Amino acid sequence: MAATIPTRVLTGITTSGTPHLGNYVGAIRPAIAASRQPRAESFYFLADYHALVKVQEPARVQRSTLEIAAAWLACGLQPDTVWFYRQSDIPEIPELTWLLTCIAGKGLLNRAHAYKAAVDRNRNDGEDDDAGINAGLFLYPVLMAADILIFNANKVPVGRDQVQHIEMARDFAQRFNHLYGEHFVLPEAVIEEQVATLPGLDGRKMSKSYDNTIALFAPRAELKKQIQSIVTDSRLPGEPKAAEGSALFQIYQAFASADETADMRAAFADGIGWGDAKQRLFARIDAEVAPLREQYESLVAHPQRIEAQLRDGAQRLRERYAIPRLRALREAVGLRDLSTPPVNARGEATTGSAKSVIASVASIASFKQYREADGKFYFKLVDGERVLLQSVGFDSPKDAGARVASLKRGDFDADDATVSVGPGVALDEVTAALATMAAENEAK
Ligand code: TRP
């Protein structure tokens with residue numbers, strides 16, 4: 001059945017700034033290209049809930065939402081062939097966020113780059129770990145997972161810095177599926193290898209948080225000025241220049257064909273002056289952007305049209321997917337009509353008592369013990385085809401059996417030397433499987 005469903009491509013941009021070349025190259029352009037592939041169903045949205053994590057200026061959130069919507073439309077988004085919407089117009093997204101929050105491992109969230117970086121900054125400054133950090137930053141990956149999972153998106157074009165978030169979305173999806181049945185497909189990150197992260201004016205990743213961006217739709221003269229401020233080394237015209245590691249070169253490459261890039265590389269080796277190189281970069285970018293800029297300006301002049309388009313997209317999307325999906329998910333987790341008979345995660349009827357519900361919902365995970373050719377005794381914890389835990393070899397079956405018994409009592413932690421977590425398995429999944437087994441034993 002899966003083969004008949006078109007690939008779903010989904011991407012969002014946080015509405016906390018003015019669209020810049022990094023957004024264009026890293027997200028908007030590849031996403032729009034993907035939407036033109038036949039057999040893709042594309043989802044584009046304005047991540048305005050995500051914006052609130054960082055921006056507490058209402059006018060800026062509003063302005064940014066307008067600019068980003070206009071940018072996508074100007075860049076060729078066709079709202080009649082793709083889903084185009086604003087996150088906050090779909091109340092089912094925050095609703096799913098809560099369901100995922102309740103299965104997301106806190107330990108996993110502690111390791112999210114953005115949150116960890118904020119904690120590290122606090123430590124460096126001698127502050128309390130969580131000083132000034134809002135819970136939205138901490139839960140950001142869960143909201144993002146809800147964005148993706150609510151529509152069962154298969155592919156998510158993102159910058160490299162977002163890959164960890166997609167991995168987390170996979171983890172939450174797996175965990176949810178494990179507990180409540182197969183509801184979610186596991187999304188994959190898609191990175192355009194060459195140009196996924198564009199350097200900014202100072203050579204670091206182009207990002208509004210570094211204040212090193214080049215606005216996508218700045219007026220022509222302003223674009224030129226910004227390009228002139230790209231940081232270069234002090235080599236003079238005539239001196240050979242290294243293309244590798246040059247922000248200017250990398251930005252050029254993101255806009256140029258392979259031939260143009262080769263020409264620019266040769267010009268660097270031949271000692272092109274930085275002024276000339278910047279002029280060439282400006283001309284190349286402007287050639288691509290000028291027609292889009294015209295569109296953009298006319299769109300921003302008519303915000304009511306964009307507003308209507310966004311509302312229409314969200315309305316249709318809710319009816320088609322979001323509302324029925326949340327209905328099924330609520331049902332799956334047990335937020336149910338009280339008058340219907342209880343069923344477990346595998347759809348089997350249970351009797352009413354709490355104990356028997358626990359017993360019948362219990363994990364299908366089990367321990368398998370076996371002997372290998374090396375003469376040693378092993379065991380693994382399996383859930384269907386998946387290996388959740390794999391043991392080392394024990395000298396006697398008694399030792400292996402004793403370890404299994406202690407695991408069943410909950411004696412397990414991440415640094416355990418006698419067992420390792422299976423490939424693609426989250427630590428929390430193991431803990432949950434063991435806990436459910438223990439609960440099942442108790443119920444018996
Ligand atoms: N976090 C993404 C960013 O900052 C934006 C985003 C929010 C997103 N939800 C998403 C991207 C879902 C892809 C899929 O760039």
Side-chain angles (χ1 to χ4, degrees), residues 7-32 34-35 40-55 61 64-65 68-69 71-72 77 82-90 92-94 96-97 100-101 104 109 112-115 117-118 136-173 184-192 195-198 200 205-210 213 216 314 317 321-322:
T7 302
R8 292 191 179 163
V9 183
L10 176 142
T11 201
I13 294 192
T14 308
T15 56
S16 55
T18 290
H20 57 68
L21 292 182
N23 300 139
Y24 175 70
V25 163
I28 306 179
R29 192 174 63 183
I32 290 181
S35 81
E41 182 180 16
S42 304
F43 298 74
Y44 298 80
F45 71 97
L46 306 157
D48 54 349
Y49 281 136
H50 278 105
L52 301 183
V53 169
K54 266 196 276 175
V55 184
V61 173
S64 170
T65 306
I68 292 174
W72 284 22
L77 189 77
V82 302
W83 295 107
F84 181 48
Y85 56 101
R86 175 169 49 192
Q87 186 185 31
S88 66
D89 284 338
I90 314 249
E92 290 75 19
I93 292 174
L96 175 55
T97 300
L100 296 175
T101 300
L109 292 174
H113 300 317
Y115 170 70
L137 180 68
F138 188 69
L139 291 174
Y140 189 109
V142 188
L143 176 58
M144 185 159 158
D147 292 332
I148 298 168
L149 300 179
I150 193 167
F151 302 123
N152 266 342
N154 311 92
K155 309 236 177 233
V156 186
V158 285
R160 216 172 282 284
D161 62 320
Q162 298 291 315
V163 170
Q164 188 195 32
H165 293 149
I166 311 299
E167 276 159 13
M168 290 185 170
R170 292 170 67 90
D171 184 273
F172 306 151
F184 296 125
V185 306
L186 305 187
E188 275 169 45
V190 182
I191 307 172
E192 223 184 302
V195 294
T197 37
L198 201 68
K205 177 195 166 194
M206 188 180 290
S207 161
K208 51 195 169 261
S209 36
Y210 294 148
T213 63
L216 173 55
L317 196 50
Y321 294 122

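Just follow the structure's listing: the first ligand is 1, and inside any ligand the first atom is 1. Because the structure is a prediction, the values reported are computed rather than measured. Counting begins at 1 with the first residue of the sequence.
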*Asks:* Would D48 and S88 count as having a side-chain donor-acceptor pair, cut-off 3.5 Å?
*Replies:*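 Yes, side-chain donor-acceptor contact under 3.5 Å.
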*Asks:* Keeping E92 on the side-chain end and I150 on the backbone end, is there a donor-acceptor pair under 3.5 Å?
*Replies:*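 Checked: no pair found.
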*Asks:* Shortest non-hydrogen contact from T65 to V61?
*Replies:* OG1-O, 2.7 Å
*Asks:* Please report the closest heavy-atom contact between I148 and I166, naming both atoms and the distance.
*Replies:* CD1-CD1, 3.8 Å
*Asks:* Looking at every non-hydrogen atom in both residues, tell me the closest pair between S209 and S207 and how far apart they are.
*Replies:* OG-OG, 2.7 Å
*Asks:* Show me the short polar-atom pairs for ligand 1: any N or O of it lying under 3.5 Å from a protein N or O, with distances only.
*Replies:*
unit_1, atom_1, unit_2, atom_2, d
ligand 1, 1 (N), Y140, OH, 2.8
ligand 1, 1 (N), Q162, OE1, 3.0
ligand 1, 4 (O), T14, OG1, 3.3
ligand 1, 4 (O), Y140, OH, 3.1
ligand 1, 9 (N), D147, OD2, 2.7

*Asks:* With rounding to the nearest 0.5 Å, note down the distance linking CG in L10 to CG in D147.
*Replies:* 7.0 Å
